[in-house]
Amino acid sequence: MRKSTGCGNSGHDKCPPMPACDIADSTSSFCKVTQFSRIRRIEETVVLGDFLIQILVEGDFKLPSYASDVKNIKKNVHLTQCKALPIPGVNNVVNLFVEGYIHKNIQYIDNCDGFIKDYSVEVPFSCFKRVELARPVVFPFGEFSVKENVRERRELAKDGMGADRCTFGSLTFEINNEPITCKLLASAVNQLDILQNFDKWGRFNKVTEKADVLLAIKLTQKQVVSRLLYVSSFGTRVVQIYNISNPRNPVRIGEFNGANLNNPSGLAITGNILYVANPAQGNNAVEVYDISNPIAPVHVGEFNQGNLRFPDQLAINGNILYVANGIGNHIEIYNISNPVNPVRLGEFNGDHLNGPSGLIITDNLLYVANFNVNTVEIYDITNPTNPVHAGQFNAGNLDGPAQFAITGTTLYVANVGDDTVEIYDISNPLAPVRKGEFNSGNLDGPAILAITGNTLYVANSEEDTVEIYDISNPLAPVREGEFGTGELDFPNGMAILTLLC
């Protein structure tokens, strides 16, 4: 009998193209190419979620001969299927199908001749579960193609009695979506082997395995993204908007004020809400903007509650907003479960703050730039409404620390007093280690920092520009240029918004 080479059998490692009986003669007489993106965008792999999967497995297998003892068992896990099936109309949930096997290599002794035999067996497992994603799946042109309802174009036959069967056309539409990919990051197998089916000499040839399989997988998808950078211009009372889809070449696309900003400073984003610290005389408030349309923010409120005195920089941790109170020398705490109507929960200082400015959160720690005393204070925010002072650092190099940025285990500190950015290793976040500094002769009053990918932006408050640095090597930033000349006046806040398209 002839061996089958059809789809899915030997001869096809991948899904083959549709078969054709012949190739038509054709010519192409027209070609037109136009761009359809409204703003410049880039494509990158986005992590939809990391998941731990636990599967309990029980299986039986027989050895090829009776054994008196098992000397060694080696095992590893292999996946034969890991597929995420989107649910129509629900972009943040998928049905996850995982199948695979535990490959076991067993070395055993079957008699007293001293020879060890080797045997391999595969123990299959499977798991089917609906999971919620950390970031949504994106289908820019829609999830489904229209195939069943093909629009057909026919012409009337010469006799007028029906359609011309020799002349016809149709319009079909097919969408090619980026697939969701799955990677096995790690696996662990906790097993119990029960020996069975003993003969009269005490040997066995059957093993029942009970295993607890733990898989760590990552779901990703290539998505088209665009990024916007908001920069507060303290002196001109506006927030400038830049398209940074090309991070080394920001393009200004607008500005806003909403007749509510006097001296905009720190910025923070959660969902579709942008908070703008507004520390001017008579304001001392935080303004709230809806950025559902990110290039045309709409003012939707403000808050103070009588507790803000020169609110400077902001930081968000879940449903908690921290506001640095520059003159009040403490940090205000707000609950932003309702982001348009924050509720004040309290404040903290612990007698350690004097002119608090920049804020940044890493793990369960909050760093506070202590501008007036040239230190960075560290607070444990395991209980976010009751921060506990956990230490401070300076290393003798801070002079007017204003703001921070973090990439991996590297912390950058904007040092206004000596026109540098200090570099710290925070592998141990409670004990940062200074690694150096940079200036490149272009920094004058560096006050605010922001990072996207391998690009660091440094707001140059005295030069009214934003400097651009390549931080592919985070310990040795390389200047790439600047922007904002003629558009910024004392830039004192930055925030980056990522848009999935």
Side-chain angles (χ1 to χ4, degrees), residues 265-268 275 277 279 284 286 304-336 342 344-406 409-418 420-435 437 446-449 461 492-493:
S265 294
L267 308 174
Y275 297 112
N284 281 322
V286 175
N304 179 319
Q305 300 178 340
N307 302 99
L308 299 179
R309 296 183 61 201
F310 202 90
D312 189 1
Q313 301 300 315
L314 313 173
I316 293 175
N317 182 36
N319 289 326
I320 299 297
L321 170 67
Y322 298 105
V323 182
N325 227 2
I327 294 179
N329 293 329
H330 56 262
I331 309 296
E332 294 287 318
I333 308 172
Y334 289 85
N335 184 318
I336 55 172
R344 183 177 183 270
L345 299 178
E347 65 183 45
F348 67 94
N349 178 321
D351 298 325
H352 299 283
L353 300 180
N354 189 345
S357 180
L359 307 171
I360 199 166
I361 295 167
T362 177
D363 296 327
N364 289 320
L365 298 178
L366 170 68
Y367 292 143
V368 181
N370 216 7
F371 189 87
N372 289 341
V373 292
N374 301 326
T375 63
V376 174
E377 302 297 322
I378 307 174
Y379 289 86
D380 186 331
I381 55 171
T382 302
N383 181 347
T385 62
N386 186 30
V388 177
H389 188 259
Q392 66 173 217
F393 63 94
N394 177 313
N397 300 99
L398 298 180
D399 184 1
Q403 184 56 296
F404 311 98
I406 291 176
T409 58
T410 299
L411 170 73
Y412 299 108
V413 184
N415 217 15
V416 174
D418 66 359
T420 63
V421 175
E422 299 291 318
I423 307 173
Y424 287 85
D425 182 338
I426 55 170
S427 298
N428 180 352
L430 286 172
V433 177
R434 184 179 182 271
K435 290 296 183 177
E437 67 181 25
I448 304 296
L449 308 175
S461 61
N492 196 39

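Here, residue 1 is the first one in the sequence, and each next residue gets the next number.
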inquiry  = For the backbone of Gly400 and the side chain of Asn374, can you confirm whether one donor and one acceptor N or O come within less than 3.5 Å of each other?
reply    = yes
ask   = Does Val433 offer a backbone N or O that forms a donor-acceptor pair with the side chain of Asp425 under 3.5 Å?
value = no
request  = Answer yes or no: are there more than 12 heavy-atom neighbours, outside Asn383 itself, under 6.0 Å from its atom CG?
outcome  = yes
Check against side-chain contact (heavy atoms from CB on, under 4.5 Å), Asp399 and Val416 = CA-CA 7 Å; Asp399 184 1; Val416 174; over 6 Å; no
task = Specify the closest pair of heavy atoms between Ile378 and Pro429, including all atoms of both residues, with the distance to one decimal.
result = CD1-O, 3.9 Å
ask   = What residues form a side chain to side chain donor-acceptor pair (under 3.5 Å) with Asn372, not counting sequence neighbours?
value = Asn354
Point-to-point distance, once rounded to the nearest 0.5 Å, from OG1 of Thr382 to CG of Asp363 = 10.0 Å
note = CG of Asn317 to CG of Asn364, rounded to nearest 0.5 Å, is 7.5 Å
message = Any side-chain to backbone donor/acceptor pair from Ser357 onto Ala402? Under 3.5 Å, distance only.
response = yes
key: Closest heavy-atom pair and its distance - Glu377, Asn370   = OE2-ND2, 3.5 Å
task = From the options Leu365, Leu366, Ile333, select the one residue that forms a side chain to side chain contact (heavy atoms under 4.5 Å, CB included) with Pro387.
result = Ile333
ask   = Does the side-chain contact (heavy atoms from CB on, under 4.5 Å) test come out yes or no for Phe404 and Leu411, once each step is laid out?
value = CA-CA 7 Å; Phe404 311 98; Leu411 170 73; 3.9 Å; yes
key: Nearest atoms (heavy-atom pairs only) where Tyr367 meets Pro432   = OH-CG, 4.0 Å
remark   = All heavy atoms of Pro446 vs all of Ala414, minimum pair found to be O-CB, 3.6 Å
request  = Look up atom CG in Leu430 and atom CD in Gln392, then write down how far apart they are to the nearest 0.5 Å.
outcome  = 13.0 Å
message = With rounding to the nearest 0.5 angstrom, report the CD1 to CD distance, Ile331 to Gln313.
response = 10.5 Å
message = Check for me whether the distance between the ring centres of Tyr322 and Tyr334 falls short of 6.0 Å.
response = no
query = Where is the tightest heavy-atom contact between Ala369 and Gln403, given as atom of each residue plus distance?
reply = CB-N, 4.4 Å
query = Taking it one step at a time, do Thr375 and Asn394 satisfy side-chain hydrogen bond (donor to acceptor under 3.5 Å, both in side chains)?
reply = CA-CA 5 Å; Thr375 63; Asn394 177 313; over 6 Å; no
ask   = Where do Ile320 and Leu345 land on the side-chain contact (heavy atoms from CB on, under 4.5 Å) test, with the steps shown first?
value = CA-CA 9 Å; Ile320 299 297; Leu345 299 178; 3.8 Å; yes
task = For Glu332, enumerate each residue passing the salt bridge (Lys or Arg N to Asp or Glu O under 4.0 Å) test, keeping only those at least two apart in sequence or located in another chain.
result = Arg344
message = Do Phe348 and Asn386 have side chains that approach each other closer than 4.5 Å (heavy atoms only, starting at C-beta)?
response = no
request  = Kindly assign one of parallel, tilted or perpendicular to the pair His389 and His352, based on the angle between their ring planes and the thresholds 30° and 60°.
outcome  = parallel
remark   = Rounded to the nearest 0.5 Å, the CD atom of Glu422 sits from the CG atom of Asn415 at a distance of 5.0 Å
task = Can you measure from CG (Leu321) to CG (Leu314) and round to the nearest 0.5 angstrom?
result = 5.5 Å
request  = Please report the C-alpha distance between Tyr412 and Ile406 in whole Å, then the side-chain angles of each, then the deciding distance to 0.1 Å, and finally whether the side-chain contact (heavy atoms from CB on, under 4.5 Å) criterion is met.
outcome  = CA-CA 6 Å; Tyr412 299 108; Ile406 291 176; over 6 Å; no
request  = Please tell me if the side chains of Phe310 and Asn325 come closer than 4.5 Å, counting only heavy atoms from C-beta onward.
outcome  = no
task = Kindly indicate whether the side chain of Pro279, heavy atoms from C-beta on, has any atom under 4.5 Å from the side chain of Asp312.
result = no
ask   = Would you call Leu353 and Tyr379 a side-chain contact if the rule is heavy atoms closer than 4.5 Å?
value = yes
request  = Sequence neighbours left out, what pairs pass salt bridge (Lys or Arg N to Asp or Glu O under 4.0 Å) with at least one residue falling in residues 378-393?
outcome  = none
ask   = Does any N or O in the side chain of Asn329 come within less than 3.5 Å of the main-chain N or O of Gly355, such that one atom is a donor and the other an acceptor?
value = yes
request  = Determine the minimum heavy-atom distance between Leu359 and Ala315, stating which atoms define it.
outcome  = CB-CB, 3.7 Å
